[in-house]
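Read through the structure below, which is laid out as structure tokens, and then see the notes.
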Amino acid sequence: MSLFSMLRVGESGTKAAQYGVNTVSENIANVNTPGYARRTATQETGPSYRIGSLEFGMGARTLSAQRVVDQTLTERTRRASAGASYAESRSSHLARAEAVFADLDGAGLSPAIDRVFDSFTRLAAAPQDRTARAETLAAATDFATEISRYGTDIRNERLALNDEVRNEVDAINRITREVAELNRTIGSSDPKPNDLLDRRDALLDDLASRVDIDVLQLDDGQVSVNLRGGPGLVYETHSTPLSVQTNVNGMVEVHQLNAGADQDLTAQIRTGSLGGILATRDEDLATVETQIDQYAFDFANAVNTVHAAGYGADGVTGRNLFTAPTQVAGAAAGMSVDAAVAGDPDAVAAATDPLLLPGDNRNATALAALKDQASVGGQTPGAGFRGVLQEMGDRLASASLSAESTGLARDQLQTMRSSLEGVSLDEEMAALIQYRTAYQAAAQVIRTADELLQETINLKR
Amino acid sequence: MRISSGMIYRQSLDSIDKHRQDAARLQNSISSGVRLHSLGDDTGAVRNVLRAEAQIRDVENSRKGIDDADRLLAETDSNLDSIGKVTDRILELTVQFANDTYSAADRAEAVQEVRQLRSRMVELANTQSNGRFLFGGLGSGAAPYDAAGVFTGDTGALEIPVGRGSTVEATVSGGQPFEDPTGGPSLFTTLDNLETALATDDGATIGLVLDEVHGHVARISETRQEVGHRFERIETLRGALDRAELSAASTLADERDTDLPSAVLALQQTELGLQAALQITSRLADLNLMNFL
């Protein structure tokens, strides 16, 4: 034990305190940096040596600052975030598509349906009146225009989501590429650079909100990333990009070219914002679109059957009021007044008996009666369409409810994570005082050692 | 639990945000007077609102049908009134000239008036309303009576749908009340007989014609009664429609409209909560160890 070694012990103390202050200042500087996990400076006792029975310490040893993270908690937060983004994306996209339906404000298709039957009633009251026939044609045209708008708009809402799918896939590819690059740098450095780890965690958080992923920590600090229960996205320093393909229905699918084999992953992506977009497009809006098409198909056929059985004022029978739909798909968008009737009020079939023209109104009465019969898909025309609206409403309600509950679950986990990883200014202030005091004390040790050395030098005089 | 600085800010922000959302929603429903803005808002209520709106449109539709029937029946009724008056005059003449105290010359003079009455009757029988012959039956393609007084229409009647699959007969059956459903002579045949009998000074035949005229008078008044019953039915239907409309309108108000007092109260509470959240945020932001060092 020498006085010089005492100087060194004092120095190690100032170093440790300095490093501590440095860590505190880093934490304070990054208090608002997203994805920043707070660092803790750790120190341990330095090596000691013995002289005889006495043990002498060599001061403190400073260890590199560590990020405070809990992998399990991070994992759980990411899963919750995937679930919440899924529900939020579904809820917001459905809410946007709801603009198609003006029915709750008493506009849109519901009144147009009623106007058609209203016009049949008016026709039944005055089949000999050409204006009543013209009104029927006008109401039928309005109805066809409106249901065709519904069919087209819902389809367009679905097609608009294609762009969102492309954007998401681009973002995912950008992230996986950067994660692979970060893997390379992190794998070759020791100690592991905290800033890069922060960056990678932030990227993985972002990725997890887009698709559900499985993150596997490898021994050398690298991570491998898989779609949960699916193929890999990042392995060590390689990333495998996702690609998009447009299918025959005009919908963009998510694919991956893996080991030379092209794989359609669309059905596997069930969560995250990408999953939300796909679910809105391929389940929610697809169901609503099919129901509207089915409704249009049934409606046109029900009205046509009765209309074709009757006679126009010109004594001709067998004409459809609406163009007969050939298939359910696209029936709403393709709805129109049949060419044989359009523009010709006399072609509207109000009569049942060609000998009783023009006064016979019985076919018009039969058409009007469809309104109160289970004529469209086993329901009255009004109730049938309300069923479609209800389907949309139920989906909106369930999406918004699940967005709320999954959002809460995610927020709670994020709060827990922030509680662990986030910087507390109070804590840093206390640490600052602690390190400042330690530094002052260690400096005092050096000063004392210096004085003792002076004393020793003075002994010779 | 460790509280990080970010947590404090985020939680304050979250709660302020939540209060603001609530306030915006309440303000919207108070200012618009409607509490349902999306099909997904309250699916049960939305369903009732959509159904009630459809019911109100139904009622309006049925009212139009009923109004059409009402108008046609009113015209029929006023025509029957005129027909009744003409027939009354015919009855008077027949009774008068059945009496054999009148000379052949007197009877021949009356022929003129009978002819006039007959042509007036043909006019009435061929009355049109908006292109429909009121007494021509269902087909109504041409005037039901030709100059000879022969019926060329059909015996149908116009039935107008008035909702829920039911109809109201808006005209009398074709030929009613001029034709005798039991096969007797029509009103015009009777007039022809009367004219001939008067011209030939045939008192006995005039006596027979009198019986026929009595039959026609009875048929005309029966027809008017029938029309009167239909008016009653129309009034009943109107009452039912009024009640249906009232009930649908009250459902609509209950389910769709904002309950103003409770919404205003809720808005006040939200404002209070927002104020508290803002105050707490500003106080917490100032409160940290730095101020005490």
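So you know, we letter chains A, B, ... as the sequences are listed, proteins then strands, and number each from 1. What's counted below: heavy atoms across the whole structure, side chains too, no hydrogens, waters or symmetry copies.
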Determine the minimum heavy-atom distance between B:Thr43 and A:Ala397, stating which atoms define it. CG2-CB, 3.9 Å

In short, A:Ala368 meets B:Pro161 closest at the heavy-atom pair CB-CG, 4.1 Å

Can you confirm whether [X] is buried at [atom1], in the sense that more than 12 heavy atoms of other residues, nucleotides or ligands lie under 6.0 Å from that atom?
X: A:Glu404; atom1: CD; answer: no
X: A:Gln412; atom1: CD; answer: no
X: B:Arg164; atom1: CZ; answer: no

At a heavy-atom separation under 4.5 Å, does [X] approach chain B through its side chain, its backbone, both, or neither?
X: A:Arg38; value: side chain
X: A:Val31; value: side chain
X: A:Asn32; value: neither
X: A:Thr121; value: both
X: A:Ala125; value: both
X: A:Leu420; value: backbone
X: A:Ala364; value: neither
X: A:Leu357; value: backbone
X: A:Ala124; value: both

Is it the case that the side chain of [X] and the backbone of [Y] share a donor-acceptor pair, with hydrogens and angles ignored and the cut-off at 3.5 Å?
X: A:Glu98; Y: B:Leu39; answer: yes
X: A:Asp426; Y: B:Leu289; answer: yes
X: B:Ser4; Y: A:Ser418; answer: yes
X: B:Arg132; Y: A:Gly359; answer: yes
X: A:Gln128; Y: B:Asn130; answer: yes

So do [Y] and [X] actually touch side chain to side chain, heavy atoms under 4.5 Å?
X: B:Ser38; Y: A:Leu104; answer: no
X: A:Thr415; Y: B:Met1; answer: yes
X: A:Gln414; Y: B:Arg10; answer: yes
X: A:Ser110; Y: B:Glu53; answer: no
X: A:Asn361; Y: B:Leu138; answer: yes
X: B:Glu60; Y: A:Asp114; answer: no

Heavy-atom pairs under 4.5 Å with chain A are the metric here; pick the option from [options] that has the most.
options: B:Val49, B:Leu158, B:Asp154, B:Leu36; answer: B:Leu158
options: B:Asp14, B:Val34, B:Leu50; answer: B:Leu50
options: B:Ile56, B:Ile8, B:Asp42, B:Asp58; answer: B:Asp58

What part of B:Ala54 gets within 4.5 angstrom of chain A, counting heavy atoms only: side chain, backbone, both, or neither? both

Relative to chain A, which segment of B:Ser129 carries a heavy atom at a distance below 4.5 Å: side chain, backbone, both, or neither? backbone

[X] bridged to [Y] by N-O distance under 4.0 Å:
X: A:Arg122; Y: B:Asp68; result: yes
X: B:Arg57; Y: A:Asp118; result: no
X: B:Glu159; Y: A:Arg362; result: no

Looking only at heavy atoms and a cut-off of under 4.5 Å, which of [options] has the most pairs with chain B?
options: A:Arg395, A:Lys371, A:Glu421; result: A:Lys371
options: A:Pro127, A:Gly393, A:Ala126; result: A:Gly393
options: A:Asp103, A:Ile113, A:Asp372, A:Leu432; result: A:Asp372

If you round to the nearest 0.5 Å, how far is CZ of A:Arg386 from CZ of B:Arg51? 6.0 Å

How long is the span from the CE atom in A:Met416 to the CE atom in B:Met7, to the nearest 0.5 Å? 10.0 Å

